[in-house]
Amino acid sequence: MSAKPQRRAGLSDDDRAVWRHVTRTVKRLHADDLPDSDPEAPPARPSVRAPATARAVPAHPPARGPGLDGNTARRLKRGQMPCDGRLDLHGHTLAEAHRAAERFIAAMAARGARCVHIVTGKGERGGGARTIRSELLHWLAAPRLAGLILATAPAHPRDGGAGAFYVLLRRKERVAAPKG
């Protein structure tokens, strides 16, 4: 019986050569080279500020909140819940998209729909421009629609990924009347 050749653990000769080449340009830090840190000083604030028009997208509702069990939250996140309707907001202005989203959510909730799919597009224009994607969660969290919605989640890649959302509506018997 012949012995199996043993694999050497670690880097190959080529990998070692590349590593030596990279490490030649690295300088070792000494304790004297480190900046003094004052534990009493407040942390430095970043000098770059977000544009005034950009708003932080609110966090999605917690995975387990009132009326949302863990299994439903997982199924929503994985795109495993059947969607009762789909709204595509490509090509809309912000104002048009806002009105369309409000009408769509209200109509689907009135019909007793459970889950809907809203496509916003990724809206990557740079410069902090307000996009439908960046505004949608704000619209859904507004008092007019918040009582109709149980949870939101980014869509699974097959359904649009970062450019779409699933919206889980409250069951019809639990729907609060929209304000406004």
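Residue numbers start at 1 and run along the sequence shown.
Here CG of L94 is found 11.0 Å from CG of L136. Values are rounded to the nearest 0.5 Å. Once rounded to the nearest 0.5 Å, the distance linking CG of L140 with CD1 of I149 reads 4.0 Å. With rounding to the nearest 0.5 Å, the separation of CD in E135 from CG in L137 is 9.5 Å.
Partners of A162 by side chain to side chain contact (heavy atoms under 4.5 Å, CB included), not counting sequence neighbours, listed by chain and number: K122, R133. With sequence neighbours left out, the side chain to side chain contact (heavy atoms under 4.5 Å, CB included) criterion links T93 to A95, E96. Every side chain to side chain contact (heavy atoms under 4.5 Å, CB included) that D14 has, sequence neighbours left out, goes to S12. Residues forming a side chain to side chain contact (heavy atoms under 4.5 Å, CB included) with R20 (at least two apart in sequence, or on another chain): R16, A17.
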What pairs of donor and acceptor atoms, side-chain ones from residues 85-92 against any protein atom, are under 3.5 angstrom apart with sequence neighbours left out?
{"unit_1": "D88", "atom_1": "OD1", "unit_2": "H90", "atom_2": "N", "d": "3.0"}
{"unit_1": "D88", "atom_1": "OD1", "unit_2": "H90", "atom_2": "ND1", "d": "2.6"}
{"unit_1": "H92", "atom_1": "ND1", "unit_2": "L89", "atom_2": "O", "d": "3.1"}
{"unit_1": "H92", "atom_1": "ND1", "unit_2": "H90", "atom_2": "O", "d": "3.3"}

Distance-only check: which donor-acceptor pairs under 3.5 Å involve side-chain atoms of residues 109-120, not counting sequence neighbours?
{"unit_1": "R114", "atom_1": "NH1", "unit_2": "L169", "atom_2": "O", "d": "2.7"}
{"unit_1": "H117", "atom_1": "NE2", "unit_2": "D159", "atom_2": "O", "d": "2.8"}
{"unit_1": "T120", "atom_1": "OG1", "unit_2": "G163", "atom_2": "O", "d": "3.2"}

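Without hydrogens or angle criteria, Y166 side chain to H156 main chain gives a donor-acceptor distance under 3.5 Å.
Side chains of V18 and H21 form no contact here, defined as non-hydrogen atoms less than 4.5 Å apart.
Sequence neighbours left out, the pairs with a member in residues 94-115 that pass ring pair (Phe, Tyr, Trp, His ring centres under 6.0 Å) are H98-W139.
Of all the heavy atoms in L150 and R170, the pair that sits closest is CD1-NH1, 3.4 Å.
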